[in-house]
Amino acid sequence: MERRALIKNGLLLGLSAALPLAPLAAMIKRRKPNAYTGFHEFELGKLKLKVVTDGHILFKKVQPGFAPGFPAAAVEKLLNENFLPDSVDLGINVLIINTGSKQILVDTGCGSSLGENSGWLLKNLPLAGIHPQDITDVVLSHAHPDHLGGLLDKDGNMPFKNADIYIAQKEYDFWMVAQPDFSKSKMDDQELKALVIRVAQETLTKTKPRLHLFEDGDTLFDCIRLNLAPGHTPGHTVTTIFSEGQELVHVADLVHSPVLVFAHPEWGFEGDTNFELAAATRRKVLGELAANRKQVFSYHLPWPGLGHVRKKEDGFEWVQTGFALPD
Ligand SMILES: [Zn+2]
């Protein structure tokens with residue numbers, strides 16, 4: 001059939017809109033759990049940084065976990081325009097900062113809290129030349145299981161046995177009451193909510209002797225600045241790593257998809273403890289990152305999580321940093 005005839009029949013013009021999303025998802029092939037062992041290494045001023053994977057968390061459908069309550073047609077259109085399937089596969093990119101005298105872990109992965117697709121950090125760290133006992137400090141962005149779950153191993157012991165642990169005072173206070181307040185979240189899954197609360201409370205209780213509680217704007221070790229970016233959780237922290245005039249901003253769970261919440265910061269995530277505040281914070285911080293052309297590190301965006309934020313129309317876009325060679 002000639003091209004003209006195709007167009008006449010509306011086949012070509014209608015092609016992108018008619019393409020179902022499922023075959024794209026089927027194209028994503030995975031190795032067996034625990035088979036990914038790569039790490040990414042780079043420098044920031046005098047600091048040596050490594051990214052190690054803890055695995056991934058696959059949401060088989062975008063909604064309702066992401067953009068809960070927003071029009072399905074608009075979500076599908078945005079996914080189609082960006083060649084994305086109707087699923088979100090979150091990376092778990094763990095950053096390690098080597099200052100020369102300290103090895104600082106920013107978040108710890110899931111440990112055994114979320115099943116076999118995650119919790120790979122302990123196995124992968126030595127492959128990057130780092131042994132758990134070498135970690136001197138752990139900075140936590142917040143107390144969700146995929147960020148602090150790795151503080152305890154499956155037997156309840158601390159693999160980072162020489163580390164001091166830092167978490168925002170506001171975050172600690174939120175979780176350590178009998179019933180943390182989820183009234184402003186869109187999370188419906190009661191079982192998941194109970195798991196999240198249990199892992200936070202058990203882990204923070206067991207590691208209490210090692211905990212240091214920080215406030216908004218505090219700095220650590222002359223290379224880390226801690227700023228609260230509340231909403232995802234009350235003490236959710238954005239960590240700026242700095243050395244010799246260079247900066248890298250670790251945005252933790254400000255974003256979970258390279259497209260959805262960049263185009264529409266208000267679409268949010270079911271896991272946001274305060275959905276509206278998270279959206280407002282997201283828009284504000286993304287605006288600052290874009291305006292100041294900051295180098296960004298993201299815990300959940302595609303490996304190894306490095307890129308920049310650019311303003312686009314009423315929202316933003318993620319510009320992933322590419323590399324000529326594989327890790
Ligand atoms: Zn997370």
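In what follows, residues are counted from 1 in the order of the sequence shown. Order of appearance sets the numbers: ligands from 1, and atoms from 1 within every ligand.
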A.B. asks: If I take the Zn ion (ligand 1) as the centre, what angle separates the OD2 atom of D253 from the OD2 atom of D146? Nearest 10 degrees is fine.
C.D. replies: 160°

A.B. asks: To the nearest 0.5 Å, what is the distance between NE2 (H232) and CG (L277)?
C.D. replies: 12.0 Å

A.B. asks: Looking at every heavy atom in both A72 and Q63, which two are closest together, and how far apart are they?
C.D. replies: CA-OE1, 3.5 Å

A.B. asks: Are F214 and Y166 an aromatic pair, judged by ring center distance below 6.0 Å?
C.D. replies: no

A.B. asks: First locate atom CG of L44, then atom CD of Q295, and finally report the distance between them rounded to the nearest 0.5 Å.
C.D. replies: 6.5 Å

A.B. asks: Indicate if the distance from the Zn ion (ligand 1) to the nearest N, O or S atom of H147 falls below 2.8 Å.
C.D. replies: yes

A.B. asks: Any N/O/S atom from H142 (main chain or side chain) under 2.8 Å of the Zn ion (ligand 1)?
C.D. replies: no

